[in-house]
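So you know, we letter chains A, B, ... as the sequences are listed, proteins then strands, and number each from 1. The figures that follow rest on heavy atoms only: side chains count, while hydrogens, waters and symmetry mates do not.
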Amino acid sequence: MTELPKCFNFKEVDAKWSTYWEEKNCFHAEANPEKPAYTVVIPPPNVTGILHMGHALNNTLQDIIIRYKRMQGCEALWMPGTDHAGIATQNVVEKQLAKEGKKRQDIGREAFLKRLWDWKKKYGGTIFHQLKKLGASCDWPRTRFTMDDGYSEAVKHVFVKLYKKGLVYRGEYIINWCPRCQTALSDEEAEHQDMQGHLYHIRYPFKENPGQYLIVATTRPETMLGDTAVAVNPKDERYSPFIGQKIVLPLINREIPIIADDFVDPEFGTGAVKVTPAHDPNDFGMGQRHKLPMINVMHPDARMNEEAGDFQDMDRFEAREAITESLRELKLLEKVEPHNHAVGHCYRCHTVVEPYLSKQWFVKMEPLAKPAVEAVKTGKIKFHPERWTKVYLNWMENIRDWCISRQIWWGHQIPVWYCVGDDKCKLECREPIVAETAPEKCPHCGSTNLRQDEDVLDTWFSSWLWPFATLGWPIKRSKNQEARSKEEADLKYFYPTASLFTAPEIIFFWVARMVMAGYEFMGEAPFSDVYLHGTVRDAQGRKMSKSLGNALDPLEIIEEYGADALRFSLIMNSGQDLFISKDKFEIGRNFANKIWNATRLILMNTDLANLKELDDVSQLDLPSRWIVSRFYTTLDNVSSAIEKYRYSEAESLIYDFFWKQFCDWYLEIIKDRWAEPSTQQVTLMILNESLKMMHPFMPFVTEEIWQNIHPESDALCQQPWPTIKKDHSDTTVENTMQTLLEVISAIRNLRAQWNIAPKETISCHFTSTNPEDLKLLEANSPILKSLAKLEEVVIDPQLPTIPNAASVIVGNIKGIIALGDIIDIDEEKKRIAQQINEQQKAFNSLSKRLQNANFLQKAPADVVEKEKERLATFEIKLQKLEQVLAELN
RNA sequence: GGGCGAUUAGCUCAGUUGGUUAGAGCACCUGAUUUACAUUCAGGGGGUCGAAGGUUCGAGUCCUUCAUUGCCCACCA
């Protein structure tokens with residue numbers, strides 16, 4: 001008999017097992033043809049990341065499925081790693097530099113990158129330690145980084161491959177430019193927010209007739225300095241006479257034409273639009289259609305440049321004020337109206353993004369999107385919940401080219417070289433040299449004076465390769481045959497992965513692009529299921545964020561409630577978005593403690609020698625058969641809930657079974673029968689198998705208990721998932737037990753109503769019209785006595801006449817309890833009448849339904865049958881109740 | 001402007017193809033306890049399932065409209 005501490009001491013236990021699992025290498029997976037593979041790749045957290053609630057939720061979900069599949073006999077691989085997170089990481093080190101009063105340019109690219117790598121070495125592993133505290137069962141020795149050597153090979157390989165296929169191109173277009181980070185951004189990286197702005201109506205004088213104006217409306221007057229036309233709709237009769245005429249651009253006095261373009265909406269503003277091809281994507285399009293000059297009026301940091309005349313060197317917003325003021329003085333400002341519109345912001349630093357003309361690298365997306373659309377439409381890839389399918393398809397079907405070059409230093413430098421050349425240079429030397437390794441000389445002129453493209457690639461251009469680049473793709477030719485074939489086998493075995501768990505925010509950034517990359521480079525979908533979980537919010541529904549100061553730190557929760565509590569509570573709340581406050585974690589803490597104390601009770605009362613498989617359950621008593629049956633039914637339901645990605649449902653099933661049924665009923669029922677070996681056997685078996693079933697959800701407490709019970713055996717995380725034994729599930733047993741439990745509840749109820757203290761002794765006489773019930777009551781009278789706190793139970797086909805008795809009616813069973821002086825006949829009448837009332841309501845609605853010819857005709861036969869049975873039960877119960885009432889009268 | 005959700009007990013939410021008298025946890029109230037666990041146990045009150053129509057033998061569940069609310073996408077200057 002073992003004695004455990006009184007409470008589950010998670011502080012010591014959690015740390016012990018994370019270390020143990022890691023040291024014993026419990027989570028390592030290797031290609032094993034004997035077993036099916038089950039792979040999940042972690043959504044790589046940023047290398048700057050520290051664990052937040054979103055991570056905790058995301059990784060708990062993955063850990064549950066991975067531990068479950070591992071126990072089910074799969075070779076389960078959970079691939080860990082981090083993302084270099086270009087701009088985010090660079091920002092961290094730039095801030096450090098700023099404290100020293102330096103900019104990155106001051107120390108140069110090489111020194112700057114060294115600092116970044118140093119930083120990464122020192123802090124980049126933080127999140128892994130935190131994930132281990134959470135219990136994440138990743139295959140840690142496989143940990144990858146999106147900028148490690150092999151991974152960089154993959155990125156270069158992909159760039160070159162796509163370039164050769166014509167899917168990567170370089171061009172000068174309007175892109176989203178962050179003036180603070182001084183880099184291009186993709187469309188997805190520009191976050192649109194509604195802002196209160198103004199619509200400025202400006203008079204543009206005609207050249208031929210300076211007293212007359214055309215009024216244009218704009219939200220950004222500072223860009224007018226770069227105007228190269230004014231556009232109107234060709235069908236707009238107000239303006240058609242002026243098409244082709246010249247306008248003099250105020251402040252700059254440049255002559256610009258009035259052009260006609262369908263893009264212009266005559267309803268909006270004045271119906272006349274200033275055209276600034278270098279500072280607006282729409283205007284850029286018009287500029288190309290009409291072959292307009294493009295005049296860039298800003299420096300990369302959004303100060304006005306030399307094209308801006310008097311406004312040179314002003315910041316863009318300063319210039320907006322100044323220009324408005326000048327126009328007002330010249331009486332060229334018609335009016336200014338308030339105007340709300342969406343303005344793009346940098347997703348990293350929230351600076352207002354400038355549409356900016358610049359030369360960048362792009363990926364042509366349409367050909368890549370095709371198979372990715374197909375895969376989802378045909379169900380090869382499924383989203384959970386399903387509604388995200390539409391979101392994905394909508395984006396894919398309207399896909400635009402992807403700007404992949406960034407003007408920062410931290411990242412994969414673009415594998416492109418330019419011939420800087422000399423006199424011997426030919427025209428072809430202007431062509432970029434695209435290669436996986438640095439070329440020695442220019443293929444055209446032979447010059448060795450080459451310069452690599454200074455830009456780096458978008459972080460997501462490496463993340464989209466994550467599901468296969470982490471598995472060693474592309475296999476290097478240079479390696480020896482043996483190593484190569486091992487790597488090939490590994491890749492083939494673990495790819496494609498099974499399911500992906502992530503947040504809906506990155507469907508476009510990451511999920512969609514991974515699907516495209518999977519098809520393009522591996523010829524296969526990277527995963528078959530995508531589970532998108534909710535956002536973790538605070539109690540008021542606001543997103544948890546550091547800047548709002550409303551974030552709960554998962555590490556603090558682990559410290560205070562334990563990792564199991566954190567995991568269990570998060571999943572319990574994880575239907576849609578999660579609204580979390582600290583007290584939400586009590587449920588998990590309490591449950592872990594309940595498991596602990598149930599174990600404590602069992603170990604105090606049993607001999608572990610009794611722990612063995614149960615083959616024949618038919619000889620067991622009713623409650624034992626009931627709990628065994630309940631366990632296997634629950635196990636079956638839990639397994640299918642996990643398979644269907646219904647995690648909170650799986651947890652409720654476990655919670656209800658273990659706490660309400662096993663602890664509150666079964667362990668109470670057998671309280672006086674610990675001495676019987678069969679009791680010990682059943683109890684130990686249920687505990688043992690429940691530990692396995694609960695382990696994926698609460699790995700620490702279950703592992704600790706397991707090792708206490710089985711000091712000689714393997715860790716719980718390596719045990720097989722319990723086999724579902726259908727023959728141990730028995731609905732008849734469950735229903736019979738249900739009746740018994742109802743009788744007990746009814747008597748407890750009666751006690752409460754009559755205010756009878758538990759110590760007060762009462763006796764009950766039972767009868768039933770069904771002989772089976774009598775047998776049942778007879779056989780279980782000790783249980784009845786103990787749980788309903790009865791002095792005596794008499795089974796009596798003929799009930800005696802007892803004055804001052806209260807009645808208990810459950811189905812066919814009737815019990816009477818002599819209450820002597822306590823009873824107030826009128827009260828008892830009321831009580832019975834109330835019960836009759838309730839029953840009558842149900843009876844009426846049901847009998848009405850059964851009298852309806854349409855119902856009998858149209859409803860399915862089994863439904864009708866069931867309803868008839870129900871009606872019969874109601875009828876009997878009603879009769880009994882009425883009989884009791886009559887006797888009282 | 002387009003798309004996707006949400007609305008069920010005081011609070012947070014389950015409720016899987018329509019079919020028992022709509023459930024759980026928390027909170028609240030009553031009671032228990034020489035206790036495996038006060039991180040416990042037994043019991044109780046509390047809901048015309050956002051509103052109005054419709055389909056159906058039958059609607060929390062399906063359809064339409066509306067209201068409130070959240071999120072995503074979007075180049076009307």
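- Pair assignment for U56(B) gives none, since no Watson-Crick or G-U wobble pairing has each distance under 3.5 Å.
- Across all strands shown, Phe874(A) has heavy atoms under 4.0 Å from base atoms, whether or not it also approaches the sugar-phosphate.
- The nearest whole Å value for the distance from the CG atom in Leu566(A) to the P atom in U39(B) is 20 Å.
- Phe843(A) contributes atom CZ, which lies 9.5 Å from atom CG of Leu850(A) (distance to the nearest 0.5 angstrom).
- Rounded to whole Å, the distance from CG on Leu878(A) to C1' on U20(B) is 15 Å.
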For nucleotides 57-60 of chain B, which of its nitrogen or oxygen atoms have a protein nitrogen or oxygen under 3.5 Å away, and what is each distance?
{"unit_1": "C57(B)", "atom_1": "OP1", "unit_2": "Lys858(A)", "atom_2": "NZ", "d": "2.1"}
{"unit_1": "C57(B)", "atom_1": "O2'", "unit_2": "Asn852(A)", "atom_2": "ND2", "d": "3.0"}

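- Counting any heavy atom pair closer than 4.0 Å across all strands shown, Arg748(A) reaches sugar-phosphate atoms only and no base atom.
- With respect to the salt-bridge test (charged N to carboxylate O, under 4.0 angstrom), the residues Glu560(A) and Lys582(A) qualify.
- In this structure, C28(B) and G44(B) make a Watson-Crick or G-U wobble pair, each of the two defining distances being under 3.5 angstrom.
- U61(B) makes up no base pair with any nucleotide shown, lacking Watson-Crick or G-U wobble contacts both under 3.5 Å.
- Counting non-hydrogen atoms of other residues, nucleotides and ligands closer than 6.0 Å to CD of Glu386(A) gives a total of 12 or fewer.
- Atom CH2 of Trp665(A) and atom C1' of A42(B) are 9 Å apart (whole Å).
- Side-chain contact between Ile202(A) and Leu327(A) is present, with at least one heavy-atom pair separated by less than 4.5 Å.
- Note that CH2 of Trp177(A) and NE2 of His279(A) are 12.5 Å apart. Values are rounded to the nearest 0.5 Å.
- What separates OH of Tyr666(A) from P of C41(B) is a distance of 19 Å, to the nearest Å.
- Base pairing analysis places U39(B) opposite nothing; no Watson-Crick or G-U wobble pair with both distances below 3.5 Å involves it.
- Taking 4.0 angstrom as the limit, Gln576(A) places a side-chain polar atom (N or O) nearer than this to OP1 or OP2 of A14(B).
- Lys594(A) comes within contact range of at least one nucleobase, with a heavy-atom separation under 4.0 Å.
- Side-chain N or O atoms of Trp596(A) include none that pairs as donor or acceptor with a backbone N or O of Ile705(A) at under 3.5 Å.
- In this structure, Tyr347(A) has its ring center closer than 6.0 angstrom to the ring center of Phe509(A).
- Atom NZ of Lys582(A) and atom C1' of U12(B) are 19 Å apart (whole Å).
- When heavy atoms are screened at a 4.0 angstrom cut-off, Arg751(A) is found touching no nucleic acid atom at all.
- Between Asp227(A) and Lys274(A) there is a salt bridge, with a side-chain nitrogen of the basic residue lying less than 4.0 Å from a carboxylate oxygen of the acidic one.
- Across all strands shown, the partner of G70(B) is C4(B), judged by Watson-Crick or G-U wobble contacts whose two distances both fall under 3.5 Å.
- Look at the P atom in both G44(B) and U56(B): the space between them is 41 Å, to the nearest Å.
- Trp674(A) places its CH2 atom 10 Å from the P atom of A36(B), with the value rounded to the nearest Å.
- Between U65(B) and U55(B), the distance separating the two C1' atoms is 15 Å to the nearest Å.
- For the C1' atoms, the distance from U30(B) to G45(B) is 10 Å, rounded to whole Å.
- Both distances falling under 3.5 Å, in either a Watson-Crick or a G-U wobble arrangement, occur for no nucleotide opposite U20(B).
- Taking a cutoff of 4.0 Å between a charged side-chain nitrogen and a carboxylate oxygen, Glu668(A) and Lys671(A) qualify as a salt bridge.
- Atom CD of Gln834(A) is separated from atom C1' of U21(B) by 14 Å (rounded to the nearest Å).
- The pair Arg203(A)-Glu334(A) meets the salt-bridge criterion, with a side-chain N (NZ, NE, NH1 or NH2) lying under 4.0 Å from an Asp/Glu carboxylate O.
- Using P as the reference atom, A9(B) and G25(B) are 16 Å apart when rounded to the nearest Å.
- Under a 4.0 Å N-O distance rule, the pair Glu188(A)/Arg513(A) qualifies as a salt bridge.
- For Arg870(A) and U21(B), the shortest distance from a side-chain N or O to OP1 or OP2 is below 4.0 Å.
- One finds no salt bridge joining Glu875(A) and Lys877(A) here, because no Lys/Arg side-chain nitrogen approaches an Asp/Glu carboxylate oxygen to under 4.0 Å.
- No contact: Lys866(A) has no heavy atom under 4.0 Å from any strand.
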- prompt: Going 5' to 3' along nucleotides 22-32 of chain B, which nucleotides have protein heavy atoms under 4.0 Å from the base (write B), which only from the sugar-phosphate (write S), and which from neither (write -)?
  reply: ---S-------
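- Here the side chain of Asp236(A) pairs no donor or acceptor atom with the backbone of Val232(A) at under 3.5 angstrom.
- Listed candidates were A6(B), U12(B), C41(B). Nearest to the side chain of Phe579(A) is U12(B).
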- line: Going 5' to 3' through nucleotides 67-77 of chain B and flagging B where a protein heavy-atom sits under 4.0 Å of the base, S where only the sugar-phosphate is that close, and - otherwise, we get ----S-SBBBB
